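No experiment lies behind these values; they were computed from the predicted model shown. Naming convention: chains lettered A, B, ... in sequence-line order (proteins, then strands); numbering from 1 in each chain.
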Amino acid sequence: MKLQKPRGTRDFFPDEMQKRRYVEGIMRKLTERWGYEEIKTPTFESTELFTIKSGEGIIEEIYAFKDKGGRDISLRPELTAPVMRMYVNKMQMTSKPIKLYYFDNCFRYERPQKGRFREFWQFGVEIIGGKSPDADCEVIALASSILDALNIKARLHIGHLGVIRSILKDFDINVQNDIFRLLDKKDESGIKKTLDGFSNSEKADTLIEIINLSGNDSIKAARDLIGDDVSLRELDKIVELLSIYCVDPKIDFEIARGLDYYNSVVFEIYSDELGAQNQICGGGSYQLAGLFGGKDIVSTGFAFGFDRTLEVCNVNLPPRIKVVVAATDDARAQAIKTTLKLRKYVPTYFDLMQKGLKSQLSFANSIGASHAVIIGKNELLENKVTLKVLGTQKQELVDLKECIRRITGMD
RNA sequence: GCCGGGGUGGGGUAGACUGGUUAUCCUGCAGGACUGUGGAUCCUACGACUCGGGUUCGAAUCCCGGCUCCGGCCCCA
């Protein structure tokens, strides 16, 4: 009976890791250029951190357990709450805005399917204390810029929860949240039914018209339906500012995040190249600090689903330089010294299995090495090495300095 | 939690409908032919029926269940 990895987890092979690291590197580099600094929070937190944010029901989808001291602990299902916890604990006095980013694994106890795993990675940013529309637009523009850098074709949708909240402002918050849930499902008859219960079917019609708006005039059309609203004016500003960033979003009032602390700009990015789980990024403006016992402050951020992003990105990995030092028996000592020198510059392999020269070269070929450096009696006598470029027939006797120069491409 | 389709050496597969001797082929890995030159060739070795139960004289094959993978539903902070 074999041991298997737990359900919904994955092993990553070297080729995959190379791609993951490469894409991660692009995201990090870009984000740092935009002035964000990396932070890291614990892999597990108090369960309470997540239930405060999302309600007790969320426990069903969390890896929650009691530790040996009887504490309620959870593997983090996302990173916004931990980041805000950290902010409330230690960073409230830091000058604003605070711009942070993270890249880490998260865990959710859900049924795995395409694009959904029990352990998955998120890359995200948070701006704490940035004001609308500037902060919102910056994170949206950064997300868009990341898509460009990864050569991803995707759809950016922006909405504003204030629009729907203002239509529903006379209703109890629980009713509002029910409606948001139905909106998310696009369940129009459910919306009608719920609002009819409050003899308010004309509001249901308005809602349904609003969420079905699309195209460039959506904001104007919404204004015709509900009159001028502060949320619509905010959206106007967002669109105007984003155009300076050369970002062209689709206005979509259907985006619903049915949690109290989301109350204004929200956005989601979808790819058509995925299956049912087609969202690769989500974000928006939120207020969580107060919930966590801090002074309330407006924040905004996004999180990319790293695994899904990886599925749809189109990047060309840089060619890998790998050098194998191959030696005859009587030259092994010198070969090890040469290997050490090469390792100051490039990944270098040396035989660990007492293989013959032929077999060492065969190994070089099978691991896809770019160069082989051969050392035997002749090379020892001349104090030089034979540099062989694999994939071609070329080889040449050169001194070590020249050899390094050629491999690294330095002049 | 629900629906559907899968699981045969490390990877990819044939065999199943129609149960029957030693489970097919490719690849891989290890060693050798071959201790100064890679990709080729040849030889040798290694290595599998997802797990449990049932039907049967006999199960990789038929039936039931578990686990798990894939796709979808639900959910998606």
Under 4.0 Å, heavy atoms only, any strand: does [X] hit a base, just the sugar-phosphate, or nothing?
X: A:Gln277; answer: base
X: A:Gly391; answer: base
X: A:Gly275; answer: sugar-phosphate
X: A:Ala276; answer: sugar-phosphate
X: A:Gln122; answer: nothing
X: A:Thr392; answer: base
X: A:Thr328; answer: base

Check: [N] base within 3.5 Å donor-acceptor of [X] side chain:
X: A:Glu379; N: B:G36; value: yes
X: A:Glu61; N: B:C74; value: no
X: A:Gln360; N: B:U37; value: no

Can you tell me which stems involve RNA chain B, if a stem is defined as three or more consecutive Watson-Crick or G-U wobble pairs, both distances under 3.5 Å?
B:1-7 with B:67-73, B:10-12 with B:25-27, B:30-33 with B:41-44, B:50-54 with B:62-66
Using the [atom1] atom as the point on both nucleotides, what is the distance between [M] and [N], in whole Å?
N: B:G71; M: B:G39; atom1: C1'; answer: 40 Å
N: B:C17; M: B:U50; atom1: P; answer: 16 Å
N: B:G65; M: B:G9; atom1: C1'; answer: 27 Å
N: B:C51; M: B:A59; atom1: P; answer: 15 Å
N: B:C43; M: B:G28; atom1: P; answer: 15 Å
N: B:U24; M: B:A60; atom1: P; answer: 14 Å
N: B:A45; M: B:C29; atom1: C1'; answer: 11 Å
N: B:U8; M: B:A23; atom1: C1'; answer: 9 Å

Between [X] and [Y], does at least one N-O distance fall below 4.0 Å, as a salt bridge requires?
X: A:Arg116; Y: A:Asp307; value: no
X: A:Arg165; Y: A:Asp229; value: no
X: A:Arg155; Y: A:Asp272; value: yes
X: A:Glu24; Y: A:Arg28; value: yes
X: A:Lys19; Y: A:Glu16; value: no

Quick one: [X] [atom1] to [N] [atom2], roughly how many Å, whole number?
X: A:Lys53; N: B:C76; atom1: NZ; atom2: P; result: 12 Å
X: A:Leu390; N: B:U37; atom1: CG; atom2: P; result: 15 Å
X: A:Glu56; N: B:C75; atom1: CD; atom2: C1'; result: 18 Å
X: A:Lys114; N: B:C69; atom1: NZ; atom2: C1'; result: 13 Å
X: A:Ile59; N: B:A77; atom1: CD1; atom2: P; result: 18 Å
X: A:Asp351; N: B:U35; atom1: CG; atom2: C1'; result: 12 Å
X: A:Gln113; N: B:G72; atom1: CD; atom2: C1'; result: 7 Å
X: A:Lys358; N: B:A33; atom1: NZ; atom2: C1'; result: 10 Å

At what distance, to the nearest 0.5 angstrom, does [atom1] of [X] lie from [atom2] of [Y]?
X: A:Asp236; Y: A:Ile219; atom1: CG; atom2: CD1; result: 4.5 Å
X: A:Asp72; Y: A:Leu49; atom1: CG; atom2: CG; result: 13.0 Å
X: A:Leu288; Y: A:Ile297; atom1: CG; atom2: CD1; result: 12.0 Å

By a strict heavy-atom criterion of less than 4.0 Å, which residues belonging to residues 139-147 of chain A are in contact with RNA chain B?
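Close to the strand, none.
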Using heavy-atom distances to pick each residue's nearest nucleotide on RNA chain B, tell me which of A:Gln395 and A:Lys355 is more 5'.
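The 5'-side residue here is A:Lys355.
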Residue whose closest nucleotide on RNA chain B lies nearer the 5' end, A:Phe50 versus A:Gly8
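The residue closer to the strand's 5' end, by nearest nucleotide, is A:Gly8.
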Run the side chain to side chain donor-acceptor pair (under 3.5 Å) test against A:Asn383 and tell me which residues pass, sequence neighbours left out.
none
Going by side chain to side chain donor-acceptor pair (under 3.5 Å), name the residues that satisfy it together with A:Glu119, two or more places apart in sequence or in a different chain.
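A:Glu119 satisfies side chain to side chain donor-acceptor pair (under 3.5 Å) with A:Asn105 once adjacent residues are dropped.
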Which residues satisfy the side-chain contact (heavy atoms from CB on, under 4.5 Å) test with A:Leu147, sequence neighbours excluded?
A:Ile152, A:Ala154, A:Ile269, A:Ile280, A:Phe304
Among [options], the nucleotide that comes nearest once only the side chain of [X] is considered:
X: A:Lys388; options: B:G38, B:U35, B:A77; answer: B:G38
X: A:Ile374; options: B:C73, B:A77, B:G36; answer: B:G36
X: A:Phe117; options: B:G36, B:C70, B:G38; answer: B:C70

N/O to N/O distances under 3.5 Å, protein versus nucleotides 1-4 of chain B:
| unit_1 | atom_1 | unit_2 | atom_2 | d |
| --- | --- | --- | --- | --- |
| B:C2 | N4 | A:Arg111 | NE | 2.9 |

Once the angle between the rings of A:Phe12 and A:Trp121 is folded into 0 to 90°, is it parallel (under 30°), tilted (30 to 60°) or perpendicular (over 60°)?
perpendicular
Test the A:Arg118-A:Tyr109 pair against the cation-pi criterion, namely NZ or CZ under 6.0 angstrom from the six-membered ring centroid and within 45° of the ring axis.
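Yes, a cation-pi geometry holds between A:Arg118 and A:Tyr109.
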Among A:Val265, A:Ile238, A:Leu242, which residue meets the side chain to side chain contact (heavy atoms under 4.5 Å, CB included) test with A:Pro133?
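When A:Val265, A:Ile238, A:Leu242 are each tested with A:Pro133, the side chain to side chain contact (heavy atoms under 4.5 Å, CB included) holds only for A:Ile238.
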